[in-house]
2 protein chains.
Amino acid sequence: MAERARPAGATDDVDAVTRAVLTASRLLVAVSARSLAAAEDRVTLPQFRMLVVLSTHGAVNLVTAADLLGVNPSTAMRMIDRLIAADLVSRGVNPANRRETVLQLTPDGQRIVEDVTARRRDEIAAIVARMIPGQREALVDALTAFAEAGGEPAAPGRGPDLYPLGWVDPTASSA
Amino acid sequence: MAERARPAGATDDVDAVTRAVLTASRLLVAVSARSLAAAEDRVTLPQFRMLVVLSTHGAVNLVTAADLLGVNPSTAMRMIDRLIAADLVSRGVNPANRRETVLQLTPDGQRIVEDVTARRRDEIAAIVARMIPGQREALVDALTAFAEAGGEPAAPGRGPDLYPLGWVDPTASSA
DNA sequence: CCTCATCGTTTGCATGATGCAAAATAGGTC
DNA sequence: GACCTATTTTGCATCATGCAAACGATGAGG
């Protein structure tokens, strides 16, 4: 819609950028999928997402974890059961409020998240390293402008950089 | 790994770009998630992925669809059953080879894919439209260089532009 | 023609993810 | 102590998933 409603000049402009964004998007998804692949024989994708949530938000109770994940508490409940059985998550009782549980990653669970995260960072860094320095600077500026236009907080070094991690791409398989 | 093994100068450079890429990545996932939301009360996410496959690859048989989706034929089988029940996909018999089926989108199925695709394009176009023209050009160049460094084919106008469409973001919900 | 290996589809079985609704449990109020 | 609320847990139903086996159609040799 947005592009169709304009004279040809501005249209082609926005359209070209959109196409470039979509292509880059495809690459990013492919990178993430590869990073994830390593962990997929230990946990399912939803389980990994739960690990990410616990990794970024530390000790939380069940409803909070469910909210952060955007799923029903009952779903989170059974997922946690399985993760505990796999020794990736621990469940304790909040001494201040005995009706709440306290969920936390075990060292094993922490390590899985770190491994995938590191792998993804490395893959992106490797791609970036193949660009010439001038392109790198330009990319930072361009992406920063894009993220700002899209209203995405620039995500400063907030810990171990966990972001859009844990997706599935429908078309990546067809590539 | 890749960054840790270098002196500080080059490291910070690559690191800054990596961070920018990850931020942009998060935005792109958020955009896709929003585009998908509209369709999620009609089909599940795996079902939508199947629709995308059928939309891009036209009439295919079951094993092909399963391969494109990266799932077991039995999984694809039952998914197709449900999509047929919802009148989003049709199943016929290949007259040339009666042991093969021919799967195709119904008009309804086609429309769902088109709606989500259009919504996503529009959202990205809207973001791009908020950037100043100079930034837009720079973004195209930068992303093109990035995609090339990552070995992603620049995806020319190959039809209705279907790409990384249909993911799930573990951290998007926590934003 | 009949038989057999093969390919594509389908079904059986088991596990995980998911949501809604209801039960059980713990905390706080009057 | 009765009552309301928040949290966890369980019951039930549906979808997604893979592996293995059964079924059905093709095509090649005999």
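Chain naming here is simple, since letters A, B, ... match the order of the sequence lines and numbering starts at 1 in each. Owing to the predicted nature of the structure, the values given are computational and were not obtained by experimental measurement.
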May I ask you to say whether Asp115(B) pairs ionically with Arg119(B), meaning some side-chain N is under 4.0 Å from a carboxylate O?
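No.
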
Under the side-chain hydrogen bond (donor to acceptor under 3.5 Å, both in side chains) test, residues paired with [X] that sit two or more places apart:
{"X": "Gln104(B)", "value": "none"}
{"X": "Gln110(A)", "value": "Ser55(A)"}
{"X": "Asp141(B)", "value": "none"}
{"X": "Ser74(A)", "value": "Asn72(A)"}

Hey, which of these two, Ser74(A) or Pro95(A), hits DNA chain C nearer its 5' end, going by closest nucleotide?
Ser74(A)

Just to be sure I understand the geometry, which residues of residues 78-92 of chain A put a non-hydrogen atom under 4.0 Å away from DNA chain D?
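Under 4.0 Å from DNA chain D: Arg78(A), Arg91(A).
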
Report the residues that fulfil side chain to side chain contact (heavy atoms under 4.5 Å, CB included) with Glu148(A), sequence neighbours left out, ordered by chain and then residue number.
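Testing Glu148(A) for side chain to side chain contact (heavy atoms under 4.5 Å, CB included), a comparison that skips the adjacent residues, returns Thr144(A).
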
Set of side chain to side chain contact (heavy atoms under 4.5 Å, CB included) partners for Ala76(B), sequence neighbours left out:
Met50(B), Leu62(B), Ala66(B), Val71(B)

Name all residues meeting the salt bridge (charged side-chain N to carboxylate O under 4.0 Å, His left out) criterion together with Arg42(B); count only those two or more places apart in sequence or in a different chain, and write none if there are none.
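If we apply the salt bridge (charged side-chain N to carboxylate O under 4.0 Å, His left out) test to Arg42(B), skipping adjacent residues, there are no hits.
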
Residues in salt bridge (charged side-chain N to carboxylate O under 4.0 Å, His left out) with Asp108(A), at least two apart?
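Result, salt bridge (charged side-chain N to carboxylate O under 4.0 Å, His left out) vs Asp108(A): Arg111(A).
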
Residue pairs passing the salt bridge (Lys or Arg N to Asp or Glu O under 4.0 Å) test with at least one member in residues 82-100 of chain B, sequence neighbours excluded, are Asp81(B)-Arg91(B)

Between the protein and nucleotides 24-26 of chain C, which nitrogen or oxygen pairs come in under 3.5 angstrom?
{"residue": "dA26(C)", "atom": "N3", "partner": "Arg99(A)", "partner atom": "NH1", "Å": "3.1"}

Does Ser35(B) offer a backbone N or O that forms a donor-acceptor pair with the side chain of Arg120(B) under 3.5 Å?
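No; zero donor-acceptor contacts below 3.5 Å.
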
Interatomic distance where [atom1] belongs to [X] and [atom2] belongs to [N] [whole Å]:
{"X": "Glu100(B)", "N": "dT6(C)", "atom1": "CD", "atom2": "P", "result": "18 Å"}
{"X": "Met77(A)", "N": "dA23(C)", "atom1": "CE", "atom2": "C1'", "result": "13 Å"}
{"X": "Asn72(A)", "N": "dA22(C)", "atom1": "CG", "atom2": "P", "result": "14 Å"}
{"X": "Leu62(B)", "N": "dT11(C)", "atom1": "CG", "atom2": "C1'", "result": "13 Å"}

Quick one: how far along DNA chain D does chain B reach, first to last nucleotide 5' to 3', anything under 4.0 Å to a heavy atom?
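Using the under 4.0 Å cut-off, the span is dC15(D) to dT26(D).
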
Which part of the nucleic acid, if any, lies within contact of Thr44(B), taking any heavy atom under 4.0 Å across all strands shown: a base, the sugar-phosphate backbone alone, or nothing?
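Sugar-phosphate, backbone atoms only, no base.
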
Just call it for Thr75(B): base, sugar-phosphate, or nothing, with non-hydrogen atoms closer than 4.0 Å on any strand.
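Result for Thr75(B) = base.
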
